[in-house]
Structure formats: C-alpha cells, structure tokens
Amino acid sequence: MTLLESLRIALRALRANLMRSFLTMLGIIVGVTSVVAMVAFAEGAQREIGRQIKTLGANVLMIVPELNRGGDDNADLYQAAILRESDAAAIGTHVGQVVAAAPSVRADLQVINRDKNTWVTVNGTTTGYFTIREWPLRQGRMFSGQEQLNSGKVALLGQATADKLFGDSDPVGQTIRILSVPFEVIGILAEKGTSGSGREQDDIVFIPISTAQKRLFGSANQVHRGSVDYILAKAASTQAVAGAEQEITRLLRQRHRIRDGRDSDFRVVDPAALMAAQHAASRTIRWLLAGIAGVSLVVGGISIMNIMLVSVTERTREIGLRVAVGARARDVQFQFLMEAVLLCLLGGLIGLSAGAGLAYAASSIAGWPVYLSPLSLIGAVGLASVVGVIFGFFPARRASRLDPVTALRME
C-alpha cells in the first residue's frame, strides 16, 4: 500500500465521523495553541529586554546618591547624599578600568518653539555621556569644549522632541526656549526607543551641565557644591565591569570620607546586569509555560489513543476483511498510525493558526511584545506529529495483531 493510498483512506475514515474527529483533535489544538502563544510572548519579552540592554550602551555603570543612616547606634539623622562633578572627574582619571565618566543633572521642564510646546526631560551633561551611551548624532554637532566651559546656550534634541516641536522642518540652527532662556539647537540625536522602565528615551533635550546648573536648575547652593543627580561610567570591557564597580566604590568612599562600618552615601548600579537577570528569568518562565502547555499535548495524545482504540474495535470486521484479501500486518499498522498522525497534524495546524492569532491579538490590545520564529512554528507542528506517532502506535499495533478469522466473525 502506497503512502498516497494510506493518506486517502485515512482522510475518508476521518470524514466518516467529523464531530468525533474534531473532538479528538481538540486536545492537540489547545496544546499547540498554548505552546505557540506562550513561546511567542516569552520570546518577544526576551527580545525586548535584549533591545533595551543595547540601548543602554555596553558596559555602563550608573552611580546614584543614596541616603543612609550613620554607623553610630544613636544616629537619628540620615547623612546627606551628594555626588559632585569632581567625583565624575576623579572616576574618569583614577579608575583604570573606566574609559569615560559623565555627570548629569535633569528635570522635567517645558520647552517651547513659537506656538508649539512640550514637557520633556532636560538633561545637563557632558559629551562623554553620548560616548558612554553609544548615542550618535543623526545630524548637527556635539557641544564644543568652549560651550561646556562657558555655559553655552546650546541644545541637542531627541528625535521625539524634535518631531513634536518642529514637525517636518529642520530644527538645526533654530531657537527654542526653556524656562524663558533661549537655546540654539545644534544637533539631533539618533533614535533610541523606550528604556527598560518603558520611558521614551527620545523625548529629551540635552544641554551642557554648566548651563543647566547656572541658568536653569541651580540654586546658588547647588552650584557652589557642584552636585549632580547621577554619574554614568563606561567600563573598558564586559570583563572589567565588576572590577570597575569595586574601584569606583573604593574611590568614592575615600573621597566622601566614609569610615569603615558605615554604609556608602551612593550606589553603583549595573543596569545591564539587572536586565540580564530579567532576561534569564524570562527564559526560565518561557520553558516553564511551554512545559505546562505541553501537558495539554499529552492529554490530547491520550485522548487520541483512546479514540483510536475504540475505532479499532468498531472496525474489527473491516480489518479482518483487508487481511483476508492480502493486506499485511504492517499495512494495517501503518494505516491506523497514519490516521493518528493525521489527526495530530491537522490539530497542530489549527492550533498553530489559533496560537499565532491569539499572540498578535494580545499584542495589539495590550501592547505586549511578541515574536513568532519559524523554528518555533515548525517545532510545534512537529511535536504534534510526534505525539500522534507515540500515542497512535499502541492502537495501530493492536489492529495489526488481530486474527483475521476471528475478526471476520465480528458483527
């Protein structure tokens, strides 16, 4: 018996009782739908985390001030938590495993261009910031050394801010106002996308840190101390990140005169490490969900095995007749195995379509990132076919071992 003949007979047998065939496939449909949807969500989340890690820049450390209680038992007050521009300069100079460090101050302010205005994050920093973040210009130029030294009123716009304020017109060379202070737009940054917290990174304006402190943010007290909101540092390599973190901690504790036994008044954060941990957790959850969804496939396989056993009993006389006219035992076995595989394959294809539709519907409604790789789709259908082979083997084997004489006597 050829493969084509076996396929035709199997299709005829399934069409003979469509409702029972569909109910038999239901477990496979649910299982494959669950597997495809869960893998799509997990893979989409992993890719989004990977993209966010890339937008941070490679080997980036963030140093932020942190209030802490003094080491004395009777201390009721928290120590002042201050980072300074000089701390950033010291990190860049004295920490050998750091290739660049940049201080930053920031605030959400209204930015105006004629009749258009928007509230955005205004960040005062140095050109080292863009080296650390690996954030290139789309057009224009960076701050010059003179502009950074003399508090020049120049600004770099994120792509989203440029679109809001200028639309399709060219912003470079135009003037915007921040807190009534005029700034010349000298450049537009390349698009970065959203951050790990979901914040739009391109909705931002950068100005020299000295300009921010003297003309926008600073009280006289803040300017006197040179305090900053955070410092970014870039390690020389991935392997150097841990060593750079230790060196920065040691240097700043020394500069801030923090005695042994007291907590630091700053915190060194490795954003990429935090996201990598999320990445690993997402991968674990993906396999867990896929395993849970795979249970549905096993249940569907058991259902197929039971229905096929019933089918063998119902078609005992038919089997005996085929053997009597010359069909071999392996032909009978192959025929029933083909029916089981066909049930699983059709259920797998229906489940694949349903799973893809569910994933994209959830993405459209809830905004969840999804990704359907061709490998996962092929794997889901292939897994369904394997289930058909495994759970269809026993009924097929039983059918092939029926005694033809006894089978022909069955009513």
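- In this structure, the side chains of V205 and L156 stay at 4.5 Å or more apart for every pair of heavy atoms.
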Could you check R253 against S264 for side-chain hydrogen bond (donor to acceptor under 3.5 Å, both in side chains), going step by step and ending with a plain yes or no? CA-CA 7 Å; R253 284 182 65 86; S264 300; 2.9 Å; yes
For S210 and R215, run side-chain hydrogen bond (donor to acceptor under 3.5 Å, both in side chains): C-alpha distance rounded to whole Å, both residues' side-chain angles, the deciding distance at 0.1 Å, then the answer. CA-CA 8 Å; S210 57; R215 301 183 185 275; over 6 Å; no
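- The local environment of CZ in R141 is crowded, with over 12 non-hydrogen atoms from other residues, nucleotides or ligands closer than 6.0 Å.
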Side chain to side chain contact (heavy atoms under 4.5 Å, CB included) between I209 and Q213, intermediate numbers included: CA-CA 6 Å; I209 189 169; Q213 290 177 323; 4.1 Å; yes
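- Residues R177 and F183 form no side-chain contact, since every pair of their non-hydrogen atoms from C-beta on lies 4.5 Å or further apart.
- With values rounded to the nearest 0.5 angstrom, Y230 atom OH is found 12.0 Å from L83 atom CG.
- Other residues, nucleotides and ligands contribute at most 12 non-hydrogen atoms within 6.0 Å of the CZ atom of F22.
- The two residues P208 and V154 make their nearest non-hydrogen contact at CD-O, 3.4 Å.
- Heavy-atom minimum distance, D87 versus I82: OD2-O, 4.3 Å.
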Stepwise side chain to side chain contact (heavy atoms under 4.5 Å, CB included) check, L189 with Q159: CA-CA 6 Å; L189 293 162; Q159 185 62 58; over 6 Å; no
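- Proximity of L179 to Q110: side-chain heavy atoms (C-beta onward) are nowhere separated by under 4.5 Å.
- Using a distance-only test at 3.5 Å, with no hydrogens or angles considered, no donor-acceptor pair links the side chain of T93 to the main chain of A90.
- With a 4.5 Å cut-off on side-chain heavy atoms, F266 and T249 count as touching.
- R267 places a side-chain heavy atom less than 4.5 Å from the side chain of V269.
- Between A37 and L358 the shortest heavy-atom distance is CB-CD2, 3.9 Å.
- Looking at L216 and T211, their side chains never come closer than 4.5 Å, going by heavy atoms from C-beta outward.
- For the pair Q246/Q97, no side-chain contact is recorded, criterion being any heavy-atom separation below 4.5 Å from C-beta on.
- Salt bridge absent: K153 and E147 never bring a charged side-chain N and a carboxylate O closer than 4.0 Å.
- Counting all heavy atoms, side chain and backbone alike, D229 lies closest to P65 at O-CD, 3.1 Å.
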Report the C-alpha distance between K234 and E134 in whole Å, list the side-chain angles of each, state the deciding distance to 0.1 Å, and finish with yes or no for salt bridge (charged side-chain N to carboxylate O under 4.0 Å, His left out). CA-CA 10 Å; K234 185 179 184 69; E134 299 177 5; 2.9 Å; yes
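- Across all their heavy atoms, A233 and I91 have their closest contact at CB-CG2, 4.3 Å.
- K164 and D203 are joined by a salt bridge, as a carboxylate oxygen and a charged side-chain nitrogen come within less than 4.0 angstrom of each other.
- Other residues, nucleotides and ligands contribute at most 12 non-hydrogen atoms within 6.0 Å of the CD atom of Q254.
- A distance-only check finds a donor-acceptor pair linking the side chain of T161 to the backbone of I204 [under 3.5 Å].
- Taking both residues in full, the closest heavy atoms of G347 and I29 are given as O-CG1, 3.5 Å, listed atom of the first, atom of the second, then distance.
- T125 is not listed as a side-chain neighbour of R106, based on a closest heavy-atom distance of 4.5 Å or more.
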Using the rule given for side chain to side chain contact (heavy atoms under 4.5 Å, CB included), can you reason through T127 versus Q148, listing the C-alpha separation, both sets of side-chain angles and the distance that settles it, and then say yes or no? CA-CA 9 Å; T127 53; Q148 294 183 86; 3.6 Å; yes
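- Between F206 and F130, the gap from one ring centroid to the other is short of 6.0 Å.
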